[in-house]
Amino acid sequence: MAAKRAMAAGKLLPRRFYAGAPDGVARGLLGKILARRLNREWLTGRIVETEAYFGQDDPAAHAHAGRTARNAVLFGPPRHAYVYFIYGMHWCLNVACEPDGQAGCVLIRALEPLEGLDTMARLRGTANRMLLAAGPGRLCRALAITREGQNGADVASAESELQIWDDGYLAGRVKVTPRIGIRKAADRLHRYLLEA
DNA sequence: AAGCGGATCGTCT
DNA sequence: GACGATCCGCTTG
């Protein structure tokens with residue numbers, strides 16, 4: 001099937017990978033492959049931008065004020081997807097990390113599309129390959145990720161329709177900057193980008 | 001090339 | 001009732 005090229009060479013990222021602290025997991029996810037099964041097709045892309053959020057200690061994090069109905073996934077075991085709705089319009093994808101009970105997570109901000117580009121372009125309503133999955137909202141649109149569909153999905157499960165793979169790609173230079181679009185704790189350097 | 005504001009609604013106070 | 005971990009199109013220079 002379509003995803004064979006990217007996924008056959010590698011393996012699912014193991015469950016233990018996600019038990020670490022958010023900054024380490026955010027760095028570690030750079031260069032890995034996000035894979036979304038949509039009907040019979042796999043849509044895949046290399047993760048090139050992430051941000052770390054540190055649970056209740058982090059004023060910018062959704063988990064800061066404590067557990068609510070929306071952010072419940074963050075307080076559960078790691079490796080589960082936290083999908084939330086923002087600005088009345090966009091979905092954003094996170095992966096919970098840290099042990100059960102701690103609410104750290106990593107926001108997946110951008111992909112370099114690898115497979116299923118035609119479907120992504122159709123879902124995005126654009127043919128601009130550079131912008132297919134660059135940005136958290138665009139990424140979710142390109143991969144048809146919503147709260148109803150993917151919130152709580154286990155990205156380390158072979159049965160899941162949302163998975164993260166390691167194909168052996170070696171990440172190059174990593175650029176570190178402040179996180180985007182937040183007002184609180186805007187000085188902290190928790191955004192990670194893979195240099196082109 | 002960069003800056004501005006509108007769209008649009010779930011979530012929490 | 002206010003605001004947000006965004007995106008896009010329109011304006012200006």
Side-chain angles (χ1 to χ4, degrees), chain A residues 18 21-30 32 34 36 43 45 47-76 78-98 102-113 117 119-153 155 162 164 174-194 196:
Chain A
Y18 302 95
D23 47 357
V25 175
R27 278 177 178 273
L29 283 177
L30 290 179
K32 301 301 185 291
L34 182 65
R36 160 85 163 106
L43 312 176
I47 297 171
V48 294
E49 182 181 343
T50 59
E51 283 178 0
Y53 286 86
F54 287 80
Q56 294 189 261
D57 296 334
D58 183 354
H62 283 187
H64 179 59
R67 181 182 185 133
T68 65
R70 173 177 66 154
N71 66 22
V73 170
L74 294 178
F75 288 83
R79 81 188 177 273
H80 291 271
Y82 167 54
V83 181
Y84 69 89
F85 190 63
I86 189 67
Y87 295 123
M89 209 170 304
H90 303 289
W91 298 99
C92 291
L93 170 67
N94 297 254
V95 180
C97 54
E98 298 188 310
Q102 293 178 252
C105 68
V106 173
L107 172 66
I108 312 292
R109 288 191 57 90
L111 303 178
E112 173 194 321
L117 272 70
T119 298
M120 291 189 204
R122 179 170 51 77
L123 290 165
R124 283 271 291 113
T126 179
N128 188 335
R129 184 188 164 139
M130 294 302 297
L131 293 180
L132 272 187
R138 295 182 184 126
L139 179 163
C140 284
R141 174 60 82 92
L143 268 54
I145 292 171
T146 64
R147 178 160 120 114
E148 184 176 46
Q150 279 70 44
N151 193 50
V155 300
L162 189 64
I164 299 179
V174 175
K175 187 173 177 182
V176 184
T177 80
R179 293 172 292 188
I180 296 292
I182 56 170
R183 321 233 345 209
K184 298 169 234 166
D187 55 326
R188 299 191 196 173
L189 303 175
H190 296 318
R191 176 170 174 247
Y192 307 95
L193 303 100
L194 218 47

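In the text below, chain A, chain B and the rest are named by the order of the sequence lines, each starting its count at 1. A quick note: this is a predicted structure, and the numbers were derived from the prediction, not measured.
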Considering only NZ, NE, NH1 and NH2 on the basic side and carboxylate oxygens on the acidic side, decide whether A:Asp23 and A:Arg188 come within less than 4.0 Å.
no

Could you give all pairs that pass the side-chain hydrogen bond (donor to acceptor under 3.5 Å, both in side chains) test and reach residues 81-97 of chain A, with sequence neighbours left out?
A:His62-A:Tyr82

Under the salt bridge (charged side-chain N to carboxylate O under 4.0 Å, His left out) test, residues paired with A:Arg109 that sit two or more places apart
A:Glu49, A:Glu51

Flag yes if more than 12 heavy atoms outside A:Arg141 fall under 6.0 Å of its CZ atom; otherwise flag no.
no

Once you apply a heavy-atom cut-off of 4.0 Å, does A:Arg191 come out as touching a base, just sugar-phosphate, or nothing?
nothing

Does anyone know the first and last nucleotide of DNA chain C in reach of chain A, 5' to 3', at under 4.0 angstrom to a heavy atom?
C:dG4 to C:dC8

At a heavy-atom distance below 4.0 Å, what parts of residues 60-73 of chain A sit against DNA chain B?
A:Thr68, A:Arg70

Only pairs at least two apart or in different chains count here, so list each side-chain hydrogen bond (donor to acceptor under 3.5 Å, both in side chains) that has a residue in residues 124-138 of chain A.
none

Taking side-chain hydrogen bond (donor to acceptor under 3.5 Å, both in side chains) as the test, write out the residues that go with A:Arg36, two or more places apart.
none

Between A:Ile180 and A:Arg138, the residue closer to the 5' end of DNA chain C by nearest nucleotide is A:Ile180

My understanding is that only residues two or more places apart in sequence, or in another chain, count here; which of them pass side-chain hydrogen bond (donor to acceptor under 3.5 Å, both in side chains) with A:Asn151?
none

Heavy atoms under 4.0 Å, any strand shown: does A:Arg141 hit a base, just sugar-phosphate, or nothing?
nothing

Tell me if the aromatic rings of A:Phe54 and A:His190 count as close, with their centers under 6.0 Å from one another.
yes

Quick check: on DNA chain C, is the nucleotide nearest A:Arg183 upstream (toward 5') of the one nearest A:Gly135, or the reverse? Name the residue that is more 5'.
A:Arg183

Does any pair with a residue in residues 59-76 of chain A pass salt bridge (Lys or Arg N to Asp or Glu O under 4.0 Å), and if so which ones, sequence neighbours excluded?
none

Qualifying residues under side-chain hydrogen bond (donor to acceptor under 3.5 Å, both in side chains), relative to A:Gln102, sequence neighbours excluded
none

For nucleotides 2-9 of chain B, print each protein N/O atom paired with a nucleotide N/O atom at under 3.5 Å, atom names and distance only.
unit_1	atom_1	unit_2	atom_2	d
B:dT8	O2	A:Tyr87	O	2.5

Please list, chain by chain and in numerical order, all residues satisfying side-chain hydrogen bond (donor to acceptor under 3.5 Å, both in side chains) with A:Thr177, sequence neighbours excluded.
A:Arg191

Where are the stems of DNA chain C, defined as at least 3 consecutive Watson-Crick or wobble G-U pairs with both distances under 3.5 Å?
B:1-7 with C:6-12, B:9-12 with C:1-4

Gap separating the CZ atom of A:Arg27 from the CG atom of A:Leu194, nearest 0.5 angstrom
11.5 Å

Compare every heavy atom of A:Val106 with every heavy atom of A:Pro22, then report the nearest pair and how far apart it is.
O-CG2, 3.6 Å

